[in-house]
Amino acid sequence: MFQDRLQTLLAPALQTAFQHLFQASIDARTIAFQQTRPEFEGDVTINVFPFLKLSGKGPEQTAQALGEHLQAQVDVVERFNVVKGFLNIVIADRYWSGFLREAAGADILLFPATGRKMMVEYASPNTNKPLHLGHLRNIFLGYSVARILQAAGNEVVKVQVINDRGIHICKSMLAWRKFGQGETPASSGLKGDKLVGKYYVEFDKRYRAEIEALVAGGMAKEEAEKKAPLLLEAQEMLRQWEAGDPDVRALWERMNGWVYDGFNASYARMGVEFDKDYYESRTYVLGKQDVLDGLKKGVFYEKDGAVWVDNTQEGLDEKVLLRRDGTSVYMTQDIGTAIQRFQEYPGLSKLIYTVGNEQDYHFKVLFLILRKLGFPWADELFHLSYGMVDLPSGKMKSREGTVVDADDIMDEMVEEARAKGEELSKLDDFTAEEKARLFEMIGLAALKYFLLKVDPKKRMLFDPAASIDLQGHTGPFIQYTYARIQSLLRKAGSGDAPLGSGPAPALMGEEKAVIKQLHHLPAVLNEAAVRLDPAVLANQTYELVKAYNTFYQSVPVMKEEDAAKRAFRLALSAAVGRTVKKAMWCLGIEVPERM
RNA sequence: GACCCCGUAGCUCAGCUGGAUAGAGCACCUGCCUUCUAAGCAGGCGGCCGCAGGUUCGAAUCCUGCCGGGGUCGCCA
C-alpha cells in the first residue's frame, strides 16, 4: 500500500506484463513488494503465489516469465532470479547512485504542498495539577504528528485546550485561600503549576479527614462524601465563579496565571509550541444551541425534561446532551467547540484530537452526533487515541503518589545524559553552557524517542530506572550517528570535490544497504502521515542509522585514496545526515553537531 | 453483564494491507579503539508468536471460541 518510488516504477510494468503474458489484468496497487531477504540476491522481491490463478502456470514459470518481461522492459532491472514462488529482482547500481545524487541535493522528506489544512489538538491539561508522564506521551505524539503532516505538505494548526474551570479548580482555590497563607510561586520558590497542584492535594487530604470524622460520627460513607463541608464550600465557590463573583474570579485569574507560567516553562523545555490556545472557560457554553437545533430537527429527543441522543441503532447507547435544568454536559461543549473550529478555519480538512484511549467511547459518540447533525466535515474528525503509560508498579495513581512528574522525568533524563557525557569526556573544549545545552538535547531525545517508538495505540511500560537508556535503539544513538557524520563533513571542508555527474563507482554492499534504507524513508513518511503514526518513522530512521553505522565502521571515507569514491561516500554521508535531521525534526527531536 | 483495546525472546518493543528459516534493543557471553567520535561495530546465547479450532497452496498476521491483562459504559469531566 505504501509503495516507494521504485515500486511505483515497477508496478505498471508488472501490470502490462500480466496483460501481455497471461491476458490478465491486475490492480497495480495489489502487488505486494517486499525487500529481498539478505540470504538471496536481489533488491526487490515479488511473491507470485497470489497470481497463479491468473497466469495458469506454476510458481516458477510465472516468476520466470515476469522476470524476463521486466528485464526486457524496465531499464533499471538488471537481472533476476527465481526461488520457489519468489521473483528476486536486482536493480542496477545506477538507479541507486542516481537516487543518492538526488537525496544529496534536496530534502527527500518534504512533499509537495497538498493545499490541505489540518488542526491537531495535542494537549488538554487541567489547571489544577502539573503535567505528568502521560501528558508527555500525549504531547510528544501529537506534536510529532503535526510535524509529520507538515512535512507531508499540509498546513497544520497546532492547538491545546486548557481545562481552566470547574469544580477541580475550585478545590485548589479553596484550599489555597483557607490554608495557603498567601503563598505564591515567588515566595515559595515553587513552580506555579506545582504550587497550585500542592493545594489540590491539600484539599483532598483535608476533605478525606472530614469524611472520616463524619463517618466516625455515625454518618454513612456515601453521605459523608457528599456532605463534607469542604466539598460544599467548593461547590459554592463554583456557583460564585459562574455568577461572576469578582473576588472568586480574581483569585481564579491569579492562580491560573501561576499555572500557565509553569506550563509554559515545561512546554518550552519540551520544545513544543501552539498556534492557538482554547480555554474551556470560554467554550463551555458552546453547543447548547446546536443541541437545541438538533432537537428541533428531530435528531435528538426529549425525555424527563432532558435532551437525549439515541445511538442504539449504531450499537452505542443513549446519552444525555442537556440536563433537565438545561445545563450542558461535557459532550455538549465538545459538539459546540468542533463546530466553532470549522467556522474559524473554513478550509479545515482534518481535525485530530490527541487524547488517551480511555476516551475512545466519548469520541465515537461525538463524531456520530456531528454526523447526525449533518456536518459534512464530520468524517474528517479523528481521535488519535493512545495507550496509557504504565509504571513497573502498575498504573499511575495520583492518590497513591505514584505519578511521574513531567519536569522531574526530564530532569532525570538530562542528568543521565550528563553523567554519561562527562564519563566519556569527549567534550573538554565545550563551555559549561554548551555542555548544558547538549545534555538537554540528548536527555530530551532519549525521552521523546522512547515514548514515540512504540505504536501509539498500545499501552506501554516506562521503568524510570531502566528506561533511561542512551545506547542501542534510542534517540541518542541516532543523534550520535548524526554528530559523527557532521564531524566527517567538517573534516572534508569545502576542499573535496562534490559528487560529479560522471558514472558513480561500483557500489559496495555497505553503501548500497544505506542507500536502500534512505530510499525507503519517503514511503515511510507517507505511511506515518496517513496512519498518523510517528512510530513507523522512528523505527525506519533507526534502520537507516544502523545501516550507516555499519558502513561507517567498515568503509573508509576521508581515508579513501580514490577521489571519486571519497566524494561518493561523502555525498552519501551528507544525504544521510540531512535526512536523519529532517526525520528527527518530524519526531520533534533535535540533533547536535557534536557529542 | 455489554462493548472496545492488548497478549511475540528473561525484560522493553518491531513485524500484523496473509508469504521464504519470526526481527531489533536491553541483559548475559566473545572479539574489535597506533585509521574518519567505542553513546559504535562484528558475533554468540535466547521463541509451543497466550491456548484451541477454522479459512488458505501458505497464518504471528484473517475468522470463531476460550484464558489472561487493561479500558469504557453518569443528567461527572
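In what follows, chains are A, B, ... by sequence order, proteins preceding strands, each numbered from 1. These numbers were taken from a predicted model, which means no experiment stands behind them.
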Participant: Distance criterion of 3.5 Å, no angle test: do you see the side chain of A/Asp469 paired donor-to-acceptor with the base of B/A27?
Facilitator: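 By the distance-only test, no, there is no pair.
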Participant: Does B/G19 pair with anything, Watson-Crick or G-U wobble, both distances under 3.5 Å, and if so, with which nucleotide?
Facilitator: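 Checking every strand shown, B/G19 finds its partner in B/C57, with both distances under 3.5 Å.
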Participant: Assign a letter to each nucleotide of nucleotides 68-77 of chain B from its 5' end: B, base within under 4.0 Å of a protein heavy atom; S, sugar-phosphate only; -, no contact.
Facilitator: --SSSS-BSB
Participant: For B/C26, which nucleotide in any strand shown is its Watson-Crick or wobble partner with both distances under 3.5 Å?
Facilitator: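 Its partner is B/G10.
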Participant: What is the pairing partner of B/C66, taking Watson-Crick or G-U wobble pairs with both distances under 3.5 Å in any strand?
Facilitator: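 WC or wobble partner is B/G50.
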Participant: Looking at A/Lys426, does any N or O in its side chain come under 4.0 Å of the phosphate oxygens OP1/OP2 on B/A39?
Facilitator: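 Checking A/Lys426 against B/A39: at least one side-chain N or O falls below 4.0 Å of OP1 or OP2.
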Participant: Would you indicate which nucleotide in B/A38, B/C41, B/U12 comes nearest to any side-chain atom of A/Tyr552?
Facilitator: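 Nearest listed nucleotide: B/A38.
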Participant: List the atom pairs, with distances to 0.1 Å, where a side-chain N or O of residues 361-368 of chain A and a protein N or O form a donor-acceptor pair under 3.5 Å, not counting sequence neighbours.
Facilitator:
residue  : atom : partner  : partner atom : Å
A/Tyr361 : OH   : A/Asp317 : N            : 3.2
A/Tyr361 : OH   : A/Asp317 : OD2          : 3.4
A/His362 : NE2  : A/Asp334 : OD2          : 2.8

Participant: If you measure from the Lys or Arg side-chain nitrogens to the Asp or Glu carboxylate oxygens, is any gap between A/Arg418 and A/Glu415 under 4.0 Å?
Facilitator: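 Yes, charged N to carboxylate O under 4.0 Å.
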Participant: Strictly by Watson-Crick or wobble contacts shorter than 3.5 Å, is anything paired with B/C45, and which nucleotide is it?
Facilitator: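 B/C45 is paired with nothing.
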Participant: Side chain of A/Val557: nearest nucleotide among B/A20, B/A39, B/C36?
Facilitator: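 Selected nucleotide (nearest to the side chain): B/C36.
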Participant: Do we see a donor-acceptor contact under 3.5 Å between the side chains of A/Asn256 and A/Asp164?
Facilitator: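 A/Asn256 vs A/Asp164: no donor-acceptor pair found between side chains.
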Participant: Using the side-chain heavy atoms of A/Gln553, tell me which of these nucleotides is nearest: B/A20, B/G40, B/A39.
Facilitator: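 Selected nucleotide: B/G40.
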Participant: Taking the minimum atom-to-atom distance to the side chain of A/Lys457, which one of B/C5, B/C16, B/G40 wins?
Facilitator: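 It is B/C5.
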Participant: Regarding A/Met595, tell me which of base, sugar-phosphate or nothing describes its non-hydrogen contacts under 4.0 Å with the strands shown.
Facilitator: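 Base, at least one base heavy atom under 4.0 Å.
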Participant: Please determine whether side-chain hydrogen bond (donor to acceptor under 3.5 Å, both in side chains) holds for the pair A/Glu121 and A/Gln160, giving the CA-CA distance in whole Å, both sets of side-chain angles, and the decisive distance to 0.1 Å.
Facilitator: CA-CA 5 Å; A/Glu121 174 190 302; A/Gln160 67 170 331; over 6 Å; no
Participant: If the threshold is 4.0 Å, N to carboxylate O, is there a salt bridge linking A/Glu422 and A/Lys435?
Facilitator: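 A/Lys435 and A/Glu422: salt-bridged.
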Participant: May I ask which nucleotide in the shown strands pairs with B/C75, Watson-Crick or G-U wobble, both distances under 3.5 Å?
Facilitator: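 Across any shown strand, B/C75 pairs with none.
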Participant: Scan every strand shown for a Watson-Crick or G-U wobble partner of B/U37, both distances under 3.5 Å, and answer none if you come up empty.
Facilitator: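 Paired with B/U37, as far as the under-3.5 Å criterion goes, is no nucleotide at all.
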Participant: Can you confirm whether A/Lys546 sits close enough to A/Thr481 that some side-chain heavy atom of one is under 4.5 Å from a side-chain heavy atom of the other?
Facilitator: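 They are not in side-chain contact.
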Participant: Would you say A/Phe477 stacks on B/A39, if stacking means ring centres under 5.5 Å apart and planes within less than 30 degrees?
Facilitator: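 Not stacked: fails the 5.5 Å / 30° test.
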Participant: By the rule that syn is within 90° of 0, classify the base conformation of B/C33 as syn or anti.
Facilitator: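 B/C33: syn.
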Participant: Would you please say whether a donor-acceptor pair under 3.5 Å links the side chains of A/Tyr122 and A/Asn138?
Facilitator: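 The criterion, which ignores hydrogens and geometry beyond distance, is not satisfied for A/Asn138 and A/Tyr122.
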Participant: Starting the side chain at C-beta, find the nucleotide from B/G25, B/U37, B/G40 nearest to A/Tyr542.
Facilitator: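 Nearest to the side-chain atoms of A/Tyr542, counting from C-beta on, is B/G25.
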Participant: Kindly indicate whether the side chain of A/Thr474 and the base of B/A39 share any N or O donor-acceptor pair separated by less than 3.5 Å?
Facilitator: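 Between B/A39 and A/Thr474, which were checked side chain against base, a qualifying N/O pair under 3.5 Å is absent.
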Participant: Under 4.0 Å between a Lys/Arg side-chain N and an Asp/Glu carboxylate O for A/Glu590 and A/Lys581?
Facilitator: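 Result for this pair is no, no salt bridge flagged.
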Participant: Do A/His383 and A/Tyr353 have ring centroids that are under 6.0 Å from one another?
Facilitator: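 Aromatic pair excluded; centres sit 6.0 Å or further apart.
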Participant: Assign a letter to each nucleotide of nucleotides 57-63 of chain B from its 5' end: B, base within under 4.0 Å of a protein heavy atom; S, sugar-phosphate only; -, no contact.
Facilitator: B------
Participant: Does A/Ser487 reach a base, just sugar-phosphate, or nothing at all? Heavy atoms under 4.0 Å.
Facilitator: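 Base contact - A/Ser487 has a heavy atom under 4.0 Å of at least one base atom.
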Participant: Can you tell which of B/A14, B/U37, B/C41 lies closest to the side chain of A/Lys546?
Facilitator: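 So the nucleotide nearest the side chain must be B/C41.
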Participant: Would you please indicate yes or no on a ring centroid separation below 6.0 angstrom for A/Tyr480 and A/Phe477?
Facilitator: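 No, too far apart.
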Participant: Determine, answering yes or no, if A/Phe86 is stacked on B/G19 under the 5.5 Å centre rule and the 30° plane rule.
Facilitator: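 No, A/Phe86 does not stack on the base of B/G19.
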Participant: Between B/G25, B/C36, B/A14, which one does the side chain of A/Asp455 approach most closely?
Facilitator: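 Of the candidates, B/A14 comes closest.
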